[in-house]
Amino acid sequence: MILALLATAVVATASPESRLAALQSAAPFHIYVMPDSWDLRQVSVVASDASGNPTAVRIVYEMSQQTVTVDETAQAGDTGSDQSFGPDALYVNGYVATYTRTGPYYQKEGHLTWRPTGVSVELSSTDLWDVPALVIAALSMR
């Protein structure tokens, strides 16, 4: 509990890089991050459990004037799917991914979601809204 409170204090006052490092050590799930070539703009705790440990985070990155938002939420157990969805299915690091597009024609937003063990990860962007761009961004995460 003390570690969670300390992490919360660091998250509130530090640089985005420090906040991300504190969240990575405090979160009960793996937090996927973009490579260092992407500029880290914002790190937020969206939800926490009763002990103060983060259960959902939002990370915003920018690269070459393109913004990508990563939303990660802890999931109980193995939410990954071994089911095959055919040759046209999208896969991110072995996990089935779903793609949706929202918004009007003049401001489309792409959403790519996959569920590795213990976490649900969604990439969204109004700049990289097509399938190939979001999949390439997702594959670069570590």
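Position 1 is the first residue of the sequence, and the numbers go up from there.
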Report summary line: Applied to residues 127-142, the salt bridge (charged side-chain N to carboxylate O under 4.0 Å, His left out) test, sequence neighbours excluded, yields D36-R142
Residues two or more places apart in sequence or in another chain: which of them pass side-chain contact (heavy atoms from CB on, under 4.5 Å) with [X]?
X	result
T126	Q107, E109
P28	N53
L139	V92, N93, V135
S37	P35, M63

Any side-chain heavy-atom pair of [X] and [Y] under 4.5 Å:
X	Y	value
T117	Y95	yes
D39	Y61	no
I59	I31	yes

Requested in this report: Check the side chains of E122 and S120 for a donor-acceptor pair under 3.5 angstrom, ignoring hydrogens and angles.
Outcome: no
**Report entry** Qualifying residues under salt bridge (Lys or Arg N to Asp or Glu O under 4.0 Å), relative to E62, sequence neighbours excluded
**Finding:** R41
Report summary line: Applying ring-ring contact (aromatic ring centres under 6.0 Å, His included) to F29 and not counting sequence neighbours gives none
**Report entry** For Y106, the rest of its hydrophobic cluster, which grows through side-chain links under 4.5 angstrom
**Finding:** Y105
Requested in this report: Quick one: closest heavy-atom pair of A26 and P54, and the distance?
Outcome: O-CD, 4.0 Å
Query raised in the report: About how many Å separate CG of L123 and CD1 of I136, when rounded to the nearest 0.5 Å?
Result: 12.0 Å
**Report entry** Straight-line distance of L20 CG to S44 OG, nearest 0.5 Å
**Finding:** 11.0 Å
In the single-linkage hydrophobic clustering (I, L, V, M, F, W, Y; side-chain heavy atoms under 4.5 Å), do [X] and [Y] co-cluster?
X	Y	answer
L134	V60	no
V68	V131	yes
L90	V70	yes

Requested in this report: Quick one: list whatever passes side-chain hydrogen bond (donor to acceptor under 3.5 Å, both in side chains) with Q24, sequence neighbours left out.
Outcome: none
Report summary line: Residue pairs meeting side chain to side chain donor-acceptor pair (under 3.5 Å), one or both in residues 65-74, sequence neighbours left out, come to R58-D71
**Report entry** Residue pairs, two or more places apart or on separate chains, that pass ring-ring contact (aromatic ring centres under 6.0 Å, His included) and touch residues 107-134
**Finding:** none
**Report entry** Verdict with reasoning, V57 to V43, per side chain to side chain contact (heavy atoms under 4.5 Å, CB included)
**Finding:** CA-CA 7 Å; V57 297; V43 178; 5.8 Å; no
